[in-house]
Amino acid sequence: MRKLLPLIGTPSGSHPGGRSALTCRFRCGDACFHEVPNTSSNEYVGDVIAGALSRRSMMRAAAVVTVAAAGAGAAGIAVAPEAQAAAAAKGGPRPTAKGARGLRFAPVAPNTNDAVTVPEGYRQNVVIRWGEPILRGAPAFDPERQTAEAQAGQFGYNCDFLSLLPLKGERGRQLLVANHEYTDEILMFRDYDAANPTREQVEIAWAAHGLAVVAVEEERGSGRLTAIGRHQLNRRLTATSEFRLTGPAAGSDLVRTSADPTGRKVLGTLNNCAGGTTPWGTTLHGEENFNQYFAHGSSATDKRYGIGTGATERKWERFDKRFDLAQEPNEAHRFGYVVELDPYDPDSVPRKHTALGRFKHEAATVRLTHDGRPVVYSGDDERFDYFYKFVGSKRMRHGNSRSAREHNLSLLDEGTLYVARLTGDSPAMEIDGTGRLPRDGEFDGSGEWIPLATATARGAVSHVEGMTAEEVFVFTRLAGDKVGATKMDRPEDIEPNPVTGKVYVALTNNSNRGVGSHPKADEANPRHANKHGHVLELTERWNRPESTEFAWSLFLVAGDPEDPATYFAGFPKDSVSPISCPDNVAFDDHGNLWISTDGSALGSHDGLFGVATRGDRRGELKQFLTVPKGAETCGPVIQDRRVLVAVQHPGEVDGATVGRPASTWPDGPGTYVRPSVVAVYRADGRDIGV
């Protein structure tokens, strides 16, 4: 039996993928250990890769994808070790690796370095860390003397989705927008007592959630970025900031509370995961695992959304009754939406768009129809749940006038919300749960977008029998159940390719697929106990985003390339990097898909990968970087001269505390581990991967 590369600090087999128990507790409220919320009889698409990875197979893959582990650059902070510094010196050797344009770099080998490891010839720097002041009057970060007031003016915790927007009139500057998904109090506070948090700790955590807007400046001649503290557009939004409910469910009885009898004013945004950037210059932020913040759920709809019947992990309900559903049963109905932020207006009130539905939103990516209407794709990050599309009915207006911006901010309030149903084209007997290809040599089929409800300026209409339009938009999961949507293996980020128009869906994993009484594999989810995940490729009819029909195929079936169940769009598997648990996705201008991972089950740290989607190198997947111990790779932004990633929850390993850290990234021993944003760029200043 070949040995596995061990998951540092994580009991083998105890948690899905490579996640630690700590991550499961604080990020999603141990969702994978709760009863699966979706108990409908809808068809389920799941795949599990059988077999274990050995050290030998990992090393073989590493030998294929890089000349040697020592050839990859590793840096815990902005300063690289001497070996990397020499290789990456200005004017030094240029990367010569072959590959698709945009992916010509020597791949990083799988590793367990407590550092951000980048390819030979590349450099990196930390752009901004948790706690760095961004607003006027905010103090420097002092982890031993934290306050809620200070945190509200500082960069928040656990950065996730990232967007870079232009700053007109400020040469060399851009606007960075970031999500702060959740807090990990055990790593934030020394001697934290999880059973008895203090009010001060809870209020600091409220302030560390939410969104941040930070101006950044690029170094001339390189891709290095640095944050600009106290810029006039810098902003923090937290769990207590004001947000506005808009669209068809705003003002309904389902979202009214004692504090807000109008049903239109919400305090805070929670668990913001992936998002999107709109063509009209705003950012979208998906509220994902909001269920874990609410205590004492009792209704059937609470259960369908994974809200527990007891106390919460963070105990926020002790300090604000809105988190106690026994006292405020509608408060949870005001979370689980896509939030739209205008980062150019620091006084604007962000909007929660009810027309895009309520579920555990992962991503909200936008493209326009030929006549200028927005189409938004989003996944519901839960085992056996669905993915969705919204097609707007109003056209985008060009220009930056006040009237144009106000009009465009209403684009996502009118249109039709759809859910996906997929059908395979192979006999069911050929899908045996092992990941073995059917006789036609491909996992593929057809699909349809099923309408759930339509919102107009005159009102909303339900397309789901037995549900009102308001119920569809607030209890969207139940609407998907009723119309027979296809159960997927944790649909996360969804992104249309700007070059080809095809749509890619990251399905992270599903350890329950085909296990016990859970749904068995189908052609779209072909493996039982799917611990590595896969990526789905959709081609909408006539390549028009408003179409209600599509063809689909599995573009990538993740795992060890030596495993016969893996698939890389037909590319030779002895020439690709191993990948597990695809999560966030992005594209470069060449049409290459970039995939970040969450909870790799291969024994190595999570990372960022690039893969060609067309041409003779279609399916060639190469690892670009890895992140430190316990961390997840989030929010990739791929620009010509830089790659930006959010290093989320570094050091989040079972048993870790402030006093017993599992990671010393990014600032070294004796400091707090801090989630941060990192920029990676070529030492010679040229474009990435060319």
Side-chain angles (χ1 to χ4, degrees), residues 134-138 152-156 159-170 173-180 206-207 209-216 227-251 255 260 262-270 272 275-287 334-335 337-356 361 364-366 374 376 390 392 394 396-414:
I134 63 174
L135 301 186
R136 290 182 174 87
Q154 298 166 336
F155 195 66
C159 38
D160 197 298
F161 167 74
L162 304 173
S163 178
L164 279 173
L165 298 167
L167 266 178
K168 293 183 178 180
E170 298 189 39
R173 292 182 171 183
Q174 299 178 74
L175 208 53
L176 171 67
V177 184
N179 283 353
H180 298 295
W206 290 345
H209 277 71
L211 315 174
V213 180
V214 188
V216 293
I228 304 171
R230 302 167 180 84
H231 188 278
Q232 64 268 22
L233 292 181
N234 287 6
R235 190 177 186 188
R236 274 302 319 282
L237 293 142
T238 73
T240 58
S241 300
E242 181 179 340
F243 290 74
R244 181 152 62 100
L245 277 174
T246 65
V255 295
D260 175 32
T262 69
R264 296 180 182 275
K265 179 180 176 181
V266 180
L267 293 183
T269 184
L270 297 172
N272 301 95
T277 303
T278 70
W280 51 92
T282 62
T283 53
L284 303 179
H285 310 266
E287 295 183 311
R334 296 143 65 85
F335 294 84
Y337 297 103
V338 170
V339 175
E340 184 171 15
L341 170 68
D342 184 352
Y344 295 105
D345 182 357
D347 297 319
S348 62
V349 177
R351 306 175 182 217
K352 295 191 179 189
H353 289 293
T354 62
L356 273 63
H361 278 276
T365 54
V366 186
V376 183
F390 170 85
K394 296 165 64 174
M396 171 186 153
R397 291 182 186 170
H398 294 279
N400 289 314
S401 68
R402 179 177 293 274
S403 62
R405 291 194 71 78
E406 192 61 32
H407 169 82
N408 290 338
L409 283 168
S410 70
L411 290 176
L412 304 185
D413 289 332
E414 297 179 26

Query - Test item: side-chain donor near acceptor, S163 and T283, under 3.5 Å - result: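 No donor-acceptor contact under 3.5 Å links the two side chains.
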Where [X] and [Y] come nearest, the two heavy atoms and their spacing:
X: L356; Y: H361; result: O-CE1, 3.4 Å
X: L162; Y: A178; result: CD2-CB, 3.7 Å
X: H398; Y: A404; result: O-CB, 4.0 Å
X: L267; Y: F335; result: O-CZ, 3.5 Å
X: A138; Y: R230; result: O-NH2, 2.9 Å
X: F161; Y: G275; result: CD1-N, 3.4 Å

Is there a donor-acceptor pair closer than 3.5 Å between any side-chain N or O of [X] and the backbone N or O of [Y]?
X: N408; Y: R397; value: yes
X: R236; Y: A207; value: yes
X: R235; Y: V213; value: no

About how many Å separate [atom2] of [Y] and [atom1] of [X], when rounded to the nearest 0.5 Å?
X: F390; Y: D413; atom1: CZ; atom2: CG; answer: 7.5 Å
X: I134; Y: L233; atom1: CD1; atom2: CG; answer: 11.5 Å
X: H407; Y: K394; atom1: NE2; atom2: NZ; answer: 5.5 Å
X: H353; Y: Y337; atom1: NE2; atom2: OH; answer: 12.5 Å
X: N234; Y: L175; atom1: CG; atom2: CG; answer: 7.5 Å
X: F243; Y: L237; atom1: CZ; atom2: CG; answer: 4.5 Å

Would you say the side chain of [Y] lies within less than 4.5 Å of the side chain of [X], judging by non-hydrogen atoms?
X: L165; Y: P343; answer: yes
X: K352; Y: V339; answer: yes
X: P350; Y: E340; answer: no
X: V366; Y: L284; answer: yes
X: H285; Y: T269; answer: no
X: D342; Y: W280; answer: no
X: R351; Y: L412; answer: no

Query raised in the report: Passes side chain to side chain contact (heavy atoms under 4.5 Å, CB included), N272 versus D160? Steps please.
Result: CA-CA 8 Å; N272 301 95; D160 197 298; over 6 Å; no
Requested in this report: May I have the step-by-step check of side chain to side chain contact (heavy atoms under 4.5 Å, CB included) for N400 and K168, ending in yes or no?
Outcome: CA-CA 12 Å; N400 289 314; K168 293 183 178 180; 3.3 Å; yes
Query raised in the report: With D260, which of K265, R244, R334 fulfils salt bridge (charged side-chain N to carboxylate O under 4.0 Å, His left out)?
Result: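 Result for salt bridge (charged side-chain N to carboxylate O under 4.0 Å, His left out) with D260: R334.
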Query raised in the report: What's the verdict on side chain to side chain contact (heavy atoms under 4.5 Å, CB included) for V216 and L164, showing C-alpha distance, side-chain angles and the deciding distance?
Result: CA-CA 9 Å; V216 293; L164 279 173; 4.0 Å; yes
Query raised in the report: Run the salt bridge (charged side-chain N to carboxylate O under 4.0 Å, His left out) check on D345 and R405 step by step: do they pass?
Result: CA-CA 11 Å; D345 182 357; R405 291 194 71 78; over 6 Å; no
